[in-house]
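In what follows, every chain begins at residue 1, and chains take the letters A, B, ... in the order their sequences are listed.
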Amino acid sequence: MLDKSFDPAAIEQRLYQGWEASGAFSADPSSPAKPFTIMIPPPNVTGSLHIGHALDNTLQDVLIRWRRMQGRDALWQPGTDHAGIATQMVVERLLAQQGGPDRRAMGREAFLNRVWEWKAESGGTITRQLRRLGASLDWPRERFTMDEGLSDAVREVFVRLYREGLLYRDRRLVNWDPKFLTAISDLEVESKEVKGSLWHLRYPVEGEPGRFLVVATTRPETMLGDTAVAVHPEDERFRDLVGKRVILPLTGRAIPVVADEYSDPEKGSGAVKITPAHDFNDFEVGRRHALGMPSVLDAEGRVMLDEIAASMVAVDGVADLDFVRGLAGQDRFAARKAIVARLEEMELLEKIEPHTHMVPHGDRSGVPIEPRLTMQWYVDAKTLAQPAIKAVETGQTVFTPRQWENTFFAWMRDIQPWCVSRQLWWGHQIPAWYAPDGEVFVAHTAEEAAAQAREKFGRDVELTRDEDVLDTWFSSALWPFSTIGWPEKTPELAKYYPGDVLVTGFDIIFFWVARMIMMGIHFMGEVPFRTVCIHGLVRDEKGQKMSKSRGNVMDPLELIDVHGADAVRFTLCALAGPGRDIKLSKQRIEGYRAFATKIWNASRFCEMNGIAPRADFDPASARLPLSRWILDAANAALADANAALEAFRFDDYALACYRFTWNGFCDWFLEFAKPVLNGPDGPEKEEVKGAAQHVLGTILRMLHPAMPFITEELWHRMGYGAEGSLIRAPWPEAVPVEGAAEARAELDWVVRLVSEVRTVRSEMNVAPSITVPLLLSGASGESLARAARWSDAICRLGRATEIRALDGEAPRGAVQAVVGEATIMLPLADVIDLAAERARLAKERARIAGEAAKTEAKLGSDVFVSRAPEEIVQEMRDRLEAQQTEMARLDAAMARIAG
RNA sequence: GGGCGCUUAGCUCAGUGGUAGAGCGGCGGUUUUACACACCGUUGGUCGGCGGUUCGAAUCCGUCAGCGCCCACCA
């Protein structure tokens with residue numbers, strides 16, 4: 001016997017362990033089945049499951065379970081990402097807490113050992129949590145981006161790209177994070193609005209005492225590194241100054257005034273100071289005019305005078321070398337304050353304007369990034385992007401919803417060189433070695449590099465390895481093929497590449513999706529996946545982004561504890577409309593928790609009525625309209641579910657399951673079945689039971705991808721599991737149903753009849769306890785035959801004592817309603833208010849009349865009749881006829897009841 | 001500054017040319033032997049504004065407004 005209520009907590013862990021232990025999640029490269037592959041977006045190894053993961057992985061699990069049941073050899077590849085900066089931070093924080101030596105004191109090797117230790121102890125959190133969600137990942141294949149195999153792939157890619165000239169070292173400005181002391185890529189920079197000031201500084205013109213060129217800047221501290229002032233070539237105000245020099249205050253260096261289109265006469269003072277080593281635009285200007293590019297800030301953003309010390313010149317009233325020397329080692333913001341104050345004292349500060357502008361910040365450190373002139377490794381993304389753009393243009397990879405392709409194209413068509421080196425320790429160390437003279441050797445191993453050097457120099461030379469590691473996204477970009485063996489030629493690689501679907505959020509289209517497509521095409525010769533399914537962000541019920549500071553985060557594990565994994569999963573599916581963010585509320589989850597209970601109770605009802613799986617039931621042999629109707633409805637629901645899943649419409653899939661199960665199967669079919677099940681044994685009861693068990697089996701299978709736990713549990717408890725677990729059961733297929741159209745027509749009629757009776761009784765405030773005969777007036781032979789066949793169900797659901805044709809006079813003061821050609825009469829004169837019944841009928845008549853008038857107006861229009869398609873016109877004619885018939889019936893009903 | 005998206009019932013959202021839908025909520029009723037996490041009934045909308053195309057527009061086009069997101073080097 002099924003328990004009185006469904007308790008998810010009691011079954012989830014047991015079922016999951018059963019699936020995992022039985023190998024139900026395993027792909028099989030040796031199977032002849034067609035593969036279906038999804039690569040998990042590898043979560044950070046430091047991570048724990050948040051609601052966004054829950055959504056992303058629920059959707060993937062739905063697809064994987066669905067295809068697996070369809071007989072595909074499903075591979076859902078699990079794994080985690082080493083998350084360079086994030087992980088290094090976590091371990092450094094841990095070291096600080098423990099009060100031991102810090103990273104630098106430990107040294108690189110010891111520190112890395114410590115990180116690996118941490119990973120072994122704490123790195124499994126998120127994979128455990130994915131299990132709670134029910135995710136059917138192929139765990140024995142779990143990979144980590146720093147695994148030996150994946151690291152091989154990284155080295156191979158690095159070496160090959162280098163040899164192809166698609167990866168190179170360059171000394172240019174990078175986004176430098178002064179907190180983490182590393183370069184970061186453009187993507188890791190986010191602009192934030194900052195309220196600052198615009199300082200107008202006076203630069204004295206050389207040889208013209210009392211004349212100043214005023215420059216406006218938001219970053220006065222970088223003036224130490226100025227090497228020019230630029231004015232617009234057309235700007236009359238400054239024309240005579242071009243070619244002359246100005247004295248840079250504080251450091252006393254004379255710098256040229258150059259004419260450059262970059263300078264905008266409308267902005268600031270119209271003259272702009274040029275600091276090539278600390279500003280991306282100035283860098284370009286510096287290149288154009290062959291200017292010096294001294295850096296005046298060190299890695300931590302502190303003033304550094306090394307590169308300008310020699311050129312400083314004492315100039316009375318303009319330069320103050322002692323002051324400048326005092327700045328050395330000061331933080332950039334402290335230096336800014338000091339410089340502004342000193343310039344003010346020296347009367348070289350013209351004015352200060354309040355100024356709000358966008359300032360680039362490191363996305364992880366949160367501090368303003370500092371453009372810094374350094375040597376870094378770059379990938380020639382522009383070249384790699386071309387075939388990737390083409391692949392999406394030609395539909396080899398399709399984004400869904402399609403609109404995201406625009407986002408992809410916009411970025412890819414304007415892609416910049418990708419800075420891939422990071423000054424961190426945790427990550428893939430760059431496979432490049434340097435000879436004492438700086439000559440670089442890129443190789444898979446130190447030995448290979450040494451051999452190259454020997455070849456080059458004709459003798460052994462001491463090589464030192466590049467200290468830097470690669471951007472974490474460099475290894476993530478290889479994920480679709482590195483996880484399945486590349487660069488080895490494994491059976492997995494042959495079978496599961498390219499993958500079918502990538503499911504992810506729009507926020508990592510640039511970081512990850514685009515780069516996988518580029519690398520996949522370049523190294524595998526084919527796109528890494530056919531479809532990119534982009535979903536929205538999970539927000540709170542008010543539409544706000546969930547964040548710790550707002551205190552509105554919903555923890556998926558808590559939700560699973562309270563409502564069960566199935567309810568959480570189903571809710572996420574039901575809300576996952578295409579391209580829309582999800583507003584998640586507790587109420588919605590509770591609603592779908594109720595759905596799980598409903599399924600449980602429907603199964604209980606079936607169990608109580610001896611409805612059990614029967615292999616010998618042949619749907620094609622069903623004779624009764626009731627069983628034909630429900631079998632046909634199950635076919636339709638299944639078709640809807642399939643179409644929805646094919647189109648990645650998880651919301652439509654959930655809705656199709658929900659409606660059929662609740663409204664179709666529970667509300668109508670089981671109610672109709674009750675009289676039969678309570679009636680005498682015989683072929684009729686056997687067929688209804690057969691249809692019921694068949695449809696319940698279809699429901700459990702159809703719902704399994706979204707609600708794996710409760711469906712698996714019921715599958716076994718109801719006895720469907722003789723052949724094995726539901727997770728491996730075949731996906732249901734449509735069954736042949738004879739006479740489906742007739743069955744539909746009949747059941748539709750019964751439903752309409754019952755609904756009409758219920759409505760009028762309710763509207764006339766007839767207590768449910770009052771039961772009366774149900775009389776049919778003007779009914780066709782077919783209707784009467786149906787009434788006879790469905791007498792028990794109609795009486796039960798319509799609170800009637802009997803249903804029969806009206807013979808003779810209509811009863812006085814009956815409640816009436818029109819169903820098709822027939823008029824229903826309920827002799828209730830004693831209990832109702834006849835005036836109210838007249839009013840009700842009149843209102844109904846007026847409603848129909850209103851609709852008929854609209855139809856008539858349409859048909860009365862010559863343009864409509866002559867220009868609309870014939871079938872539409874005919875439809876209108878039919879509609880009008882039906883409306884007129886119904887009005888006539890209502891008129892008759894009113895006449896009967898007339899006082 | 002450029003691009004994208006959204007605006008439909010109190011709330012959350014479906015609905016890509018032919019009588020406006022769902023869920024939740026609200027309201028009224030019900031111990032009908034699976035289920036009150038239930039059942040039955042019901043109330044809610046000139047589909048953001050304006051203009052156009054069309055026999056016909058929530059749906060296509062234009063425009064305006066509001067909201068949101070992404071990208072961008074503006075001193």
Side-chain angles (χ1 to χ4, degrees), chain A residues 2 4-6 186 191 198-200 215-219 230 262-264 266-275 279-284 355 357-358 360 371 401 403-404 406-407 410-411 414 506-507 509-510 536-537 541-543 563 567 574-575 577 579-585 587-588 590-609 649 651-652 655 658-659 663 666-667 670-671 674 678 754-755 758-763 765-769 796-797 799 851-852 854-855 858 861-869 871-873 875-876 879 883:
Chain A
L2 288 180
K4 180 106 172 108
S5 65
F6 167 55
D186 297 345
S191 294
L198 189 58
W199 287 276
H200 293 246
V215 297
T217 180
T218 54
R219 299 208 55 198
Y262 163 64
S263 182
D264 183 345
E266 307 288 312
K267 298 273 158 61
S269 64
V272 60
K273 66 196 248 339
I274 300 298
T275 322
D279 182 283
F280 288 95
N281 290 309
D282 293 6
F283 182 77
E284 295 304 321
H355 184 69
H357 61 146
M358 301 299 278
Q403 82 219 25
W404 289 109
N406 295 330
T407 306
W411 188 67
D414 186 36
F506 55 81
D507 48 328
I509 290 178
F510 304 150
L537 222 63
E541 57 196 314
K542 296 189 199 91
H563 307 283
L575 297 180
R580 247 190 199 273
D581 285 351
I582 287 172
K583 287 179 194 160
L584 186 63
S585 70
Q587 199 189 31
R588 289 305 285 259
E590 282 165 358
Y592 291 119
R593 164 65 217 257
F595 180 48
T597 306
K598 187 75 184 177
I599 299 162
W600 187 266
N601 282 315
S603 301
R604 250 182 104 229
F605 174 80
C606 288
E607 185 186 46
M608 289 166 63
N609 284 280
R649 287 297 303 260
D651 53 340
D652 287 346
L655 194 67
Y658 184 93
R659 292 171 87 124
N663 306 120
C666 293
D667 290 346
L670 290 183
E671 293 304 326
K674 278 175 184 175
N678 290 337
V754 169
S755 298
R758 282 170 166 174
T759 299
V760 294
R761 287 184 60 113
S762 178
E763 283 186 354
N765 290 317
V766 179
S769 53
R796 181 190 162 83
L797 300 178
R799 314 293 300 154
E851 283 181 9
K854 276 198 273 180
T855 318
K858 259 195 166 174
S861 154
D862 289 342
V863 261
F864 171 74
V865 176
S866 60
R867 307 190 71 156
E871 65 265 28
I872 296 296
V873 177
E875 197 184 308
M876 289 298 156
R879 185 183 297 167
Q883 287 163 339

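Counting any heavy atom pair closer than 4.0 Å across all strands shown, Asp667(A) reaches sugar-phosphate atoms only and no base atom. Within 4.0 Å of Cys606(A), counting heavy atoms only, lies no atom of the nucleic acid at all. Within 4.0 Å (heavy atoms only), Ala602(A) reaches at least one base atom of the nucleic acid. Residue Gly536(A) is classed as having no contact, given no heavy-atom separation below 4.0 Å to the nucleic acid. Val272(A) comes within 4.0 angstrom of a base, heavy atoms only. Within 4.0 Å (heavy atoms only), Ser861(A) reaches no atom of the nucleic acid at all. Counting non-hydrogen atoms under 4.0 angstrom, Pro360(A) reaches nothing in the nucleic acid. Looking at heavy-atom distances under 4.0 Å, Ser263(A) makes contact with a base. Within the 4.0 angstrom heavy-atom criterion, only backbone atoms of the sugar-phosphate kind lie near Arg604(A); the bases stay farther away.
Here the nucleotide nearest the side chain of Ser762(A), chosen from rG18(B), rC55(B), rG28(B), is rG28(B). The listed nucleotides are rA34(B), rA14(B), rC55(B); the one nearest the side chain of Ala868(A) is rC55(B). Minimum atom distance to the side chain of Pro768(A) is reached by rG29(B), of the listed rG29(B), rC39(B), rU12(B). With rC40(B), rA72(B), rC55(B) as the choices, the nucleotide that has an atom nearest any side-chain atom of Met358(A) turns out to be rA72(B). The side chain of Phe510(A) lies closest to rC71(B) when the candidates are rA34(B), rG41(B), rC71(B).
Going from atom CD of Glu671(A) over to atom P of rA34(B) covers 8 Å, rounded to whole Å. Distance Trp404(A) CH2 to rG3(B) P: 17 Å, rounded to the nearest Å. We find that CZ of Phe605(A) is positioned 6 Å from P of rA34(B), with the value rounded to whole Å. Atom-to-atom, NE2 of His357(A) to P of rC73(B) comes out at 14 Å; the value is rounded to the nearest Å. Going from atom CG of Leu2(A) over to atom P of rC35(B) covers 13 Å, rounded to whole Å. For Lys4(A) and rA38(B), the NZ to P distance is 14 Å, given to the nearest whole Å. His355(A) has its NE2 atom 15 Å from the P atom of rC73(B), to the nearest Å. Rounded to a whole Å, the CG atom of Asn765(A) is 19 Å from the P atom of rC40(B).
Every residue meeting the salt bridge (charged side-chain N to carboxylate O under 4.0 Å, His left out) condition with Arg219(A), not counting sequence neighbours, appears here in chain and number order: Glu221(A), Glu370(A). Partners of His563(A) by side-chain hydrogen bond (donor to acceptor under 3.5 Å, both in side chains), not counting sequence neighbours: none found. In terms of the side-chain hydrogen bond (donor to acceptor under 3.5 Å, both in side chains) criterion, residue partners of Glu671(A) (sequence neighbours excluded) are, by chain and number, Lys674(A). Under the side-chain hydrogen bond (donor to acceptor under 3.5 Å, both in side chains) criterion, Asn406(A) pairs with no residue, sequence neighbours left out. Under the side-chain hydrogen bond (donor to acceptor under 3.5 Å, both in side chains) criterion, Asp581(A) pairs with Arg539(A), sequence neighbours left out. Arg649(A) is linked by a salt bridge (charged side-chain N to carboxylate O under 4.0 Å, His left out) to Asp651(A), Asp652(A), counting only residues two or more places apart in sequence or in another chain. With sequence neighbours excluded, the residues satisfying salt bridge (charged side-chain N to carboxylate O under 4.0 Å, His left out) with Glu851(A) are Arg847(A). Applying the side-chain contact (heavy atoms from CB on, under 4.5 Å) criterion to Ser861(A), with sequence neighbours excluded, gives Val863(A), Phe864(A).
With both ends at atom P, the span from rA36(B) to rG18(B) equals 42 Å, rounded to whole Å.
Look at Lys598(A) and you won't find any side-chain N or O under 4.0 angstrom from OP1 or OP2 of rA34(B). Applying the 4.0 Å criterion to OP1 and OP2 of rU42(B), one finds that Thr759(A) has a side-chain N or O inside that range. Phosphate proximity of rC39(B) to Arg796(A): absent, as no side-chain N or O sits under 4.0 Å from OP1 or OP2. Note on Lys583(A): a side-chain N or O is less than 4.0 Å away from OP1 or OP2 of rC13(B).
No side-chain donor-acceptor contact under 3.5 Å links Asp279(A) to the backbone of Thr275(A). Ser263(A) places a side-chain N or O within 3.5 Å of a backbone atom of Gly270(A) that can act as its donor or acceptor partner. Judged by distance alone, with hydrogens and angles left aside, the side-chain atoms of Ser866(A) form a donor-acceptor pair with the main-chain N or O of Asp862(A) at under 3.5 Å.
Ring geometry, Tyr658(A) versus Tyr592(A): the interplanar angle exceeds 60°, so the pair is classed perpendicular (tilted spans 30 to 60°).
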Restricting to nitrogen or oxygen on both sides, can you table the protein-nucleotides 58-62 of chain B pairs closer than 3.5 Å?
none

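In this structure the side chain of Phe605(A) never reaches within 4.5 angstrom of the side chain of Asn601(A), judged on heavy atoms.
The glycosidic torsion of rG41(B) lies more than 90° away from 0, which places this base in the anti conformation.
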Exercise. Which dot-bracket string describes RNA chain B (Watson-Crick N1-N3 plus N6-O4 or O6-N4, or G-U N1-O2 and O6-N3, all under 3.5 Å; [ ] crossing; | other strand)?
Worked result: ((((((((.[[[[.)..(..]]]].(((((.......))))).....[[[[[..)....]]]]])))))))....
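Mapping Lys273(A) and Phe864(A) onto RNA chain B via the closest heavy atom, the residue that lands nearer the 5' end is Phe864(A). The 5' end of RNA chain B is approached more closely, in terms of each residue's nearest nucleotide, by Trp411(A) than by the other of Tyr262(A) and Trp411(A).
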Exercise. How does protein contact run along nucleotides 5-11 of chain B, one letter per nucleotide 5' to 3', with B for base contact, S for sugar-phosphate only, - for none, heavy atoms under 4.0 Å?
Worked result: -SS----
For this session: Classify every nucleotide of nucleotides 19-27 of chain B by which part a protein heavy atom approaches to under 4.0 Å, writing B for the base, S for the sugar-phosphate alone and - for neither, in 5'-to-3' order.
Result: B---SSS--
